[in-house]
Amino acid sequence: MEKSINGATLRRMINAANVYLENNKKYIDSLNVYPVPDGDTGNNTSMTFKSATKEVNDCPTNNLDSLGEALGKGALRGARGNSGVILSQILRGMANEIIKHTEITTKIFAKAMRGGAEYAYKAVSIPKEGTILTVIRVMADSAEAAAKKHADFEGFFDQVLKTGEEILEQTPELLPVLKQAGVVDAGGKALLVIFTGFYKGLITEDEEFILKEAEEAKPIEDNSAIINYENLADIEFAYCTEFMVIEMNKKTTESDIDKLREKLMAIGDSVICIGDLSLVKVHVHTNEPNRALGYALELGEIHNIKIENMVQQNRELKAARAKANQFTKPFGMVAIATGEGISAVFKDLGVDQIVEGGQTMNPSADDIAKAVEKVPSDHVFVFPNNKNIILAAEQAQNLTKRFIHVIPTVSIPEGVSACLAFNMDGTVDENIEAMNTARSSVSSGAVTYAVRKTHIDGFDLSEGDIIGMSAGKIEAKDKLVGEATIKLVEKMMNEDKVNITLFYGEGVNEEDANALCEKLQEKYPDCEVSAIPGNQPVYYYLISVE
């Protein structure tokens with residue numbers, strides 16, 4: 001069994017974990033505490049890990065320092081939701097240890113896990129036990145103990161994974177809400193799946209199978225380029241050089257291809273040199289393309305030569321940066337929303353950019369940062385509109401030099417209210433205070449359906465029951481959408497409330513929404529009741545009472 005892990009093996013382990021997590025994400029989603037169709041921990045952790053895997057696969061070398069840097073960078077850029085952000089910090093903490101070494105032993109792997117645990121705990125202002133944090137901490141403890149007894153990774157992983165299973169089963173005892181719902185922590189399960197994937201990749205000899213599966217699991221990429229002009233550095237190597245080597249000389253061997261790769265690395269960076277004796281594809285950034293071509297001629301004939309001057313390209317981008325920095329207004333706004341109607345409401349309120357996402361698809365920190373970069377202002381207010389997106393919004397600050405001010409809205413109604421309080425003539429602090437006051441004055445509710453049988457918050461639920469939720473708690477239940485909505489509004493009302501707004505979803509027609517408004521208007525004659533097409537998925541109604 002392996003006693004050390006090199007770069008090639010680490011790459012294979014990461015790809016295997018990517019496949020294993022992708023194959024198990026639906027099960028992880030099903031561990032959602034509330035039995036509603038918006039479980040997203042599996043999807044968030046999978047998307048986060050895919051981003052890290054893609055960055056690793058794009059890395060041109062198998063050096064551990066480069067792979068570790070790619071792992072941490074990709075995880076941060078792809079972090080989605082609370083679970084994804086915490087996972088990204090675990091991977092970044094592990095990467096910070098990996099980059100220090102040329103090979104990984106069990107003791108080094110244990111130290112990396114400890115770094116991941118410490119990094120993750122620091123990322124959360126008020127850490128909760130019984131979550132992914134507990135699982136990584138206890139697994140790191142086990143790893144350090146296992147490394148003292150096992151120099152081989154088989155015994156090491158056997159002990160670490162066993163401990164991981166044990167602590168995962170204990171999470172309901174540490175977090176009462178898990179015990180009430182009868183599930184283990186979804187984030188902790190995702191982490192255990194990843195480490196199981198690591199082990200599978202370590203012991204699997206068929207690397208091509210794993211890489212193929214990982215390739216198929218990659219999401220469709222958005223081909224629209226977003227340039228972060230603030231990160232344009234001076235070009236160290238001026239010429240992007242690409243070509244193929246064909247018709248190899250009779251004396252050329254496979255080792256000569258390896259030597260060509262080493263020579264290219266000595267005169268530049270971003271080296272890709274792949275192929276066999278039938279064809280070799282080369283990419284290198286260098287100041288000496290003539291030497292790169294000369295080295296290749298020693299192996300065979302050169303074909304499809306392309307040399308681009310990146311210095312000139314950089315000049316053009318810097319000019320674009322200067323133009324982009326001519327901000328046209330003092331403040332901008334970015335909101336996370338799903339549904340054409342809700343997006344239209346935010347745009348009408350002056351929001352510059354809408355990031356598609358919500359409970360069923362949390363955007364990554366990189367998604368939010370890219371939206372911020374499009375806003376023609378140096379100071380940008382971001383409205384997450386979901387508690388599971390707040391951490392990612394805060395992490396976006398690390399990906400841009402714009403000043404991001406996260407208003408921690410946890411619902412669409414809170415986001416709308418906060419936007420209404422925005423004053424272009426006010427200062428940053430004045431706007432933050434006004435927006436937070438406005439969002440705090442709103443009571444938010446949501447009506448959806450149960451996806452499994454359970455008992456929670458005093459309700460016996462069956463699959464398909466209509467449920468109303470407010471402040472993270474189930475407050476109403478019925479077989480009919482309208483009746484469940486009326487019951488929920490009743491729970492949310494008090495004598496100070498004067499406005500009731502219903503954002504109706506894609507499964508509700510306008511006639512039914514208006515009929516429900518009339519019933520609520522009769523029940524609360526002193527209130528103004530209105531219905532707005534939100535077109536949001538999953539939720540029949542999103543409710544604002546203020």
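We're numbering straight along the sequence, starting at 1.
- Of all heavy-atom pairs between I543 and T485, the closest is CD1-CG2, 3.8 Å.
- With sequence neighbours excluded, no residue forms a side chain to side chain donor-acceptor pair (under 3.5 Å) with S544.
- D352 pairs with exactly one of K374, K347, K329, R402 by the salt bridge (Lys or Arg N to Asp or Glu O under 4.0 Å) rule, that one being K329.
- Using a distance-only test at 3.5 Å, with no hydrogens or angles considered, no donor-acceptor pair links the side chain of T400 to the main chain of Q397.
- Taking the side-chain contact (heavy atoms from CB on, under 4.5 Å) definition, one finds that N436 meets it with I407, P408, I432, R439, sequence neighbours left out.
- Annotation: side chain to side chain donor-acceptor pair (under 3.5 Å) contacts of K100 (sequence neighbours excluded): E97.
- Checking N18 against N15 by side-chain atom types alone, no donor-acceptor pair falls below 3.5 Å.
- A search for side-chain contact (heavy atoms from CB on, under 4.5 Å) contacts involving I466 returns V447, Y449, V481, A484, Y540, not counting sequence neighbours.
- No side-chain donor from either of E475 and S470 sits under 3.5 Å from a side-chain acceptor of the other.
- A donor atom on one side chain and an acceptor atom on the other are found under 3.5 Å apart for S364 and D367.
- Residue pairs meeting the ring-ring contact (aromatic ring centres under 6.0 Å, His included) criterion with at least one member in residues 329-348, sequence neighbours excluded, are F331-F381.
- A salt bridge does not link D29 with K25: every distance from a Lys NZ or Arg NE/NH1/NH2 to an Asp or Glu carboxylate oxygen is 4.0 Å or more.
- Under 4.0 Å is where a charged nitrogen must lie from a carboxylate oxygen, and between E55 and R77 no such pair does.
- Between the side chain of T409 and the backbone N or O of G415 there is no donor-acceptor pair closer than 3.5 Å.
- No donor-acceptor pair closer than 3.5 Å links the side chain of R11 to the backbone N or O of L67.
- Sorted by first then second residue, the salt bridge (charged side-chain N to carboxylate O under 4.0 Å, His left out) pairs that include residues 82-95, not counting sequence neighbours, number zero.
- A donor-acceptor contact shorter than 3.5 Å is absent between the side chain of N304 and the backbone of F243.
- By the ring-ring contact (aromatic ring centres under 6.0 Å, His included) test, F198 is found to be paired with F195, residues two or more places apart in sequence or in another chain being considered.
- Rounding to the nearest 0.5 angstrom, the gap separating the CG atom in N96 from the CG atom in L91 is 11.0 Å.
- The main-chain N or O of E356 is never found under 3.5 Å from a side-chain atom of T338 such that the two would form a donor-acceptor pair.
- With hydrogens and angles ignored, the 3.5 Å screen pairs a side-chain donor or acceptor of E430 with a backbone N or O of T427.
- N514 pairs by the side chain to side chain donor-acceptor pair (under 3.5 Å) definition with nothing, not counting sequence neighbours.
- Under the 4.5 Å side-chain criterion, counting only non-hydrogen atoms from C-beta, E242 is not in contact with I305.
- Every side-chain contact (heavy atoms from CB on, under 4.5 Å) that S411 has, sequence neighbours left out, goes to P413, E414, S444.
- Within the 3.5 Å criterion, the main-chain N or O of G187 finds no donor-acceptor partner in the side chain of T41.
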Which atom pairs, one a donor and one an acceptor, fall under 3.5 Å between side chains of residues 527-537 and the rest of the protein, sequence neighbours left out?
| from | atom 1 | to | atom 2 | distance (Å) |
| --- | --- | --- | --- | --- |
| N535 | OD1 | G341 | N | 3.1 |
| Q536 | NE2 | F503 | O | 2.9 |
| Q536 | NE2 | Y539 | O | 3.3 |

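- Side-chain contact annotation: D185 with T131, donor-acceptor N/O pair under 3.5 Å absent.
- Under the rule for a side chain to side chain donor-acceptor pair (under 3.5 Å), the partners of N398 that lie at least two apart in sequence or sit in another chain are Q395.
- Within the 3.5 Å criterion, the main-chain N or O of E340 finds no donor-acceptor partner in the side chain of S343.
- Counting heavy-atom neighbours within 6.0 Å of E433 CD, excluding the residue itself, gives a total of 12 or less.
- Not a single donor-acceptor pair under 3.5 Å links the side chain of N63 to the backbone N or O of S66.
- Evaluation of the side-chain contact (heavy atoms from CB on, under 4.5 Å) rule for E118 yields R114 as partners, not counting sequence neighbours.
- With hydrogens and angles disregarded, no donor-acceptor distance shorter than 3.5 Å links the side chain of R137 to the backbone of A117.
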